[in-house]
Asks: 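So that we are looking at the same thing, I have put the structure below in structure tokens.
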Amino acid sequence: MSFSRKILDWYEEHKRPLPWRQTSDPYKIWLSEILLQQTRVAQGLPYYEKFITHFPTVYDLARADEETVLKLWQGLGYYSRARNLHATARTIAEDYEGRFPDNHRDLMRLKGIGDYTASAIASISFGRPEPVVDGNVYRVLARYFGVELAIDSPKGVKYFKELAREVMDMEHIRDYNQGLMEFGALHCKPKNPECETCPLNNSCHALQKGQVSTLPVKGNKTRVRERFLNYLFVRDPLNRTLFRKREGRGIWQNLYEFPFVEADREIEKAALQKEVAISIGDFRVKDLVRINNNKIIHKLSHQHLHVNFWMVPVDRELPEGIPVGSLKEYPVPVLIADFIEKYLVNSNALENA
DNA sequence: AATTCGGGGTG
DNA sequence: CACCCAGAATT
């Protein structure tokens, strides 16, 4: 039996009943694919339900404010996906009469849609014979065919894409593509793959050669940057505070946060007090008080954020102040959401600080 | 060709 | 702790 036939049979027996598998509506397929980029099904699933409920059609999403979209996306990470999702919804509504392109080339022109996602939508929604190559597919193909090229090298990317095209079943492309990914996610797992019960175990190259634990091969390892952030919870007599949209490049673009002082190392209270006196301008700043008792190290893929939150009481009303009670309405990074929840909602922790 | 975009689950 | 996740965009 062929490779693709075994994948299809396995999928028929083991597939999970996920909501985007009940339809071929390109809007829903597209939404699910954007949500699931670099994201596990279990983590993305509740967000899919939320988005479909709030935005049943692409027009509903196009009509929304970006801030509303970011708020719904809050907690999922890689927020450029949300911004691009919103931008593409508007493109589809305004320039495409609400209909998604039905082929790989035209899908690729839309923001947030790269080679993988274009192939996924073209095949799953429109039945086009396009192979998908995600992290799961890299693993299954590398092991089964014994490919030792690094999956994150240009040669590797090209080779795996061509290999995937050669072995796909274009007659059953919807189930084949989803089945191959599902097989990688549930059976041919990164660690402890279940080779004993694998339908491919009599012809898997890695299994015969003892390479299951060394394939696939990956090249670049990520370097982590250490950063030191001091967030300022400036509070005026009316319990208003300063809250700003994060602009420019870098993490958390267009999300909200408190003003902050960044240093190249852990900063002392006296030095910070000096900085704060400058940045708050002519406001009289009383004593700074560190709010968090324990060290906060917020870990991202490429950054370790060493964070302190400081109470900065000021003696008169802030013209740009926002009521503390309304902070929860803004889209914020998890780090800020956790702070608000811990110190500003269940608030007695703050009074003890 | 390398880096940089989050956050959470896993072993 | 390191690794991984239905990758894309930028440099």
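In what follows, chains carry the letters A, B, and so on, assigned in the order in which the sequence lines appear, proteins first and then strands, with residues in each chain numbered from 1.
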Asks: With nearest nucleotides of DNA chain C determined for Pro216(A) and Asp115(A) from heavy-atom distances, which residue corresponds to the more 5′ nucleotide?
Replies: Pro216(A)
Asks: Using a 6.0 Å cut-off, check whether atom CD of Glu266(A) has over 12 heavy atoms from anything other than its own residue.
Replies: yes
Asks: Calculate the interatomic distance between Ile113(A) atom CD1 and dA9(C) atom P; express it in whole Å.
Replies: 8 Å
Asks: Which is true for Trp20(A) with a 4.0 Å heavy-atom rule: it touches a base, it touches only sugar-phosphate, or it touches nothing?
Replies: base
Asks: What does Arg139(A) touch in the nucleic acid at a heavy-atom separation under 4.0 angstrom: a base, only the sugar-phosphate, or nothing?
Replies: sugar-phosphate
Asks: Are Lys71(A) and Glu329(A) ion-paired here, with the side-chain N under 4.0 Å from a carboxylate O?
Replies: no
Asks: Considering only atom C1', compute the distance from dA9(C) to dG8(B) and round it to an integer number of Å.
Replies: 23 Å
Asks: Verify the cluster assignment for Val132(A) and Leu31(A): are they in a single hydrophobic cluster under the rule of side-chain heavy atoms below 4.5 Å apart?
Replies: no
Asks: Can you check the distance between dA8(C) and dG9(B), where both ends of the measurement are the C1' atom (answer in whole Å)?
Replies: 23 Å
Asks: Look at all strands and tell whether Val137(A) reaches a base, only sugar-phosphate, or nothing, counting heavy atoms closer than 4.0 Å.
Replies: nothing
Asks: Nearest whole angstrom, please: distance from the C1' of dC5(C) to the CG of Leu180(A).
Replies: 16 Å
Asks: To the nearest Å, how far apart are Arg21(A) CZ and dA6(C) C1'?
Replies: 9 Å
Asks: Just one of Pro101(A), Pro26(A), Ser125(A) clears the side-chain contact (heavy atoms from CB on, under 4.5 Å) bar with Leu107(A), so which one?
Replies: Pro101(A)
Asks: Contact class for Thr117(A) (heavy atom, under 4.0 Å): base, sugar-phosphate, or nothing?
Replies: sugar-phosphate
Asks: Please find out if less than 6.0 Å separates the ring center of Phe160(A) from that of Tyr138(A).
Replies: yes
Asks: Reading nucleotides 6-11 of chain B 5' to 3', which nucleotides get B (base under 4.0 Å from a protein heavy atom), which S (sugar-phosphate only), which -?
Replies: BBBB-S
Asks: Determine the contact category for Asp152(A): base if any of its heavy atoms lies under 4.0 Å from a base atom, sugar-phosphate if only primed atoms, P, OP1 or OP2 are that close, otherwise nothing.
Replies: nothing
Asks: Got a donor-acceptor pair under 3.5 Å from the side chain of Arg174(A) to the base of dA6(C)?
Replies: no
Asks: Could you check how far CD1 of Ile34(A) sits from C1' of dA8(C), rounded to whole Å?
Replies: 9 Å
Asks: Could you tell me whether a side-chain N or O of Arg225(A) sits under 3.5 Å from a main-chain N or O of His304(A), the two making a donor and an acceptor?
Replies: no
Asks: Rounded to whole Å, please give me the gap between CG in Leu215(A) and C1' in dC3(C).
Replies: 16 Å
Asks: Atom CG of Asn136(A) to atom C1' of dA6(C): distance rounded to whole Å?
Replies: 6 Å
Asks: Tell me: CD1 of Ile151(A) to C1' of dC4(C), nearest whole Å?
Replies: 10 Å
Asks: What's the NZ-C1' distance between Lys161(A) and dG7(C), to the nearest Å?
Replies: 12 Å
Asks: Please confirm whether the shortest side-chain N or O distance from Arg249(A) to OP1 or OP2 of dT11(C) is below 4.0 Å.
Replies: yes
Asks: Mind checking what makes ring pair (Phe, Tyr, Trp, His ring centres under 6.0 Å) contact with Tyr116(A), not counting sequence neighbours?
Replies: none
Asks: Considering only the P atoms, how many Å lie between dT3(B) and dA6(C), rounded to the nearest integer?
Replies: 25 Å
Asks: For Glu182(A), enumerate each residue passing the salt bridge (charged side-chain N to carboxylate O under 4.0 Å, His left out) test, keeping only those at least two apart in sequence or located in another chain.
Replies: Arg16(A), Arg21(A)
Asks: Would you mind telling me which residue lines up with the more 5' stretch of DNA chain C, Gln178(A) or Gly112(A), judged by nearest nucleotide?
Replies: Gln178(A)
